[in-house]
Amino acid sequence: MQTTTVRRAARRRVGWRSGCRARPAGGTVRAVESAGSLLTARLAAGDDRALAEVLDEFGPAVHATAQAILGDHAAAQDVVQDVFVDLWCRPHRFDESLGGLRTYLTMCARHRALDVVRSERRRAGREERQARLLPGPRPPTPGEQVSDADTAATVRAAVRRLPPDQRQVVELAYFGGLSYRDVARQMGIPEGTAKSRVRLALARLETLLDRQLLEPS
């Protein structure tokens, strides 16, 4: 059985949460626990039925261990697959003298889940450091600030030179942020009239601003 097949078997056979396979009654877990060395020997010999037995008995417990640490069902499934792939590929790592197979597998799940948590924390830390190192928006230079202020002053001076009816619609629409409808309502004029006055005002401003901005200081 190849590694991908083991992963599929782990996902298919272990029905965590809803739809979990019912365990056979009558002390099956104890029987499998006590036969840990035999099971791992069968795994080493390539007996996929031994893997199926281990998955059926210990998959839910391994998943529950990972789920308790990660708090995420999908992430816990990934840990379960890794644990059983590792058992299939390296069954000799199990030492029955140090505890039963259930204890060994849940311990492996705990270590892998903690590795996932540490990896996620390192990733988040790298992203935070990178964000701190990224340059923020460049503040305007004193020259740019003066230039912007001069331009704003020039525009306002040009607006003051407009006829009163045009000046008012421009101030309401552009400086006050009102829509044409709101400008018309506030001034008591039709909306079409407000639009016409704005167009006339903008045409006049183009002439005034071009002349003033081109004049030598």
Side-chain angles (χ1 to χ4, degrees), residues 1-140:
M1 182 182 295
Q2 300 298 320
T3 298
T4 53
T5 305
V6 177
R7 290 185 180 276
R8 290 172 187 160
R11 188 174 290 274
R12 182 176 64 251
R13 296 186 70 88
V14 183
W16 308 284
R17 293 184 177 179
S18 61
C20 183
R21 289 169 54 108
R23 294 183 181 180
T28 305
V29 172
R30 184 177 297 108
V32 176
E33 282 274 16
S34 62
S37 294
L38 177 59
L39 278 171
T40 52
R42 289 168 58 195
L43 290 171
D47 185 351
D48 57 359
R49 288 175 300 178
L51 178 64
E53 292 175 24
V54 176
L55 280 167
D56 284 341
E57 294 301 334
F58 303 128
V62 171
H63 181 271
T65 300
Q67 173 81 21
I69 295 172
L70 298 172
D72 181 83
H73 177 67
Q77 281 186 318
D78 291 339
V79 168
V80 172
Q81 292 174 24
D82 289 343
V83 167
F84 284 103
V85 166
D86 188 69
L87 178 67
W88 174 258
C89 296
R90 304 173 185 83
H92 59 277
R93 289 186 174 181
F94 168 64
D95 185 351
E96 194 171 27
S97 66
L98 300 178
L101 188 55
R102 178 192 182 95
T103 301
Y104 170 74
L105 293 173
T106 54
M107 180 185 67
C108 290
R110 175 179 173 80
H111 289 166
R112 286 185 178 273
L114 290 174
D115 284 343
V116 171
V117 171
R118 285 189 287 267
S119 176
E120 179 62 23
R121 287 176 179 171
R122 287 193 296 268
R123 183 195 62 78
R126 285 195 302 270
E127 291 181 354
E128 183 179 350
R129 287 192 297 273
Q130 290 172 356
R132 288 199 304 265
L133 292 174
L134 288 175
R138 181 180 66 82

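Position 1 is the first residue of the sequence, and the numbers go up from there.
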With a 4.0 Å cut-off, would you call R93 and D86 a salt bridge? yes
Between D115 and R112, does any side-chain N to carboxylate O distance fall below 4.0 Å?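 Not counted as a salt bridge, because no side-chain N and carboxylate O are separated by less than 4.0 Å.
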[atom1] of [X] to [atom2] of [Y]: how many Å apart, nearest 0.5 Å?
{"X": "Q77", "Y": "Q67", "atom1": "CD", "atom2": "CD", "result": "9.5 Å"}
{"X": "L51", "Y": "R42", "atom1": "CG", "atom2": "CZ", "result": "10.5 Å"}
{"X": "Y104", "Y": "D95", "atom1": "OH", "atom2": "CG", "result": "9.5 Å"}
{"X": "T65", "Y": "F58", "atom1": "OG1", "atom2": "CZ", "result": "12.0 Å"}
{"X": "E96", "Y": "L98", "atom1": "CD", "atom2": "CG", "result": "10.0 Å"}

So for atom CZ, which belongs to R118, do other residues, nucleotides or ligands contribute more than 12 heavy atoms lying within a distance under 6.0 Å?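 Atom CZ in R118 is packed in, count exceeds 12.
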Residues, nucleotides or ligands: over 12 heavy atoms within 6.0 Å of R110 CZ: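 Open.
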Stepwise side chain to side chain contact (heavy atoms under 4.5 Å, CB included) check, L105 with F84: CA-CA 8 Å; L105 293 173; F84 284 103; 3.9 Å; yes
Looking at [X] and [Y], what are the two nearest heavy atoms and their distance?
{"X": "P91", "Y": "L43", "value": "CB-CB, 4.0 Å"}
{"X": "H63", "Y": "A76", "value": "NE2-CB, 3.6 Å"}
{"X": "A109", "Y": "V62", "value": "CB-CG1, 3.6 Å"}
{"X": "L55", "Y": "P60", "value": "O-CD, 4.0 Å"}

Heavy-atom donor-acceptor pair, T106 side chain to R102 backbone, under 3.5 Å: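 Between the backbone of R102 and the side chain of T106 there is a qualifying donor-acceptor contact (under 3.5 Å).
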Side chain to side chain contact (heavy atoms under 4.5 Å, CB included) between V85 and D82: does it pass, once the steps are laid out? CA-CA 5 Å; V85 166; D82 289 343; 5.6 Å; no
Report the C-alpha separation of H92 and F94 in whole Å, then their side-chain angles, then the decisive distance to 0.1 Å, and conclude whether the side chain to side chain contact (heavy atoms under 4.5 Å, CB included) test is met. CA-CA 5 Å; H92 59 277; F94 168 64; over 6 Å; no
Could you give me the CA-CA distance, side-chain angles and deciding distance for E57 and E53, then say whether side chain to side chain contact (heavy atoms under 4.5 Å, CB included) is met? CA-CA 6 Å; E57 294 301 334; E53 292 175 24; 5.6 Å; no
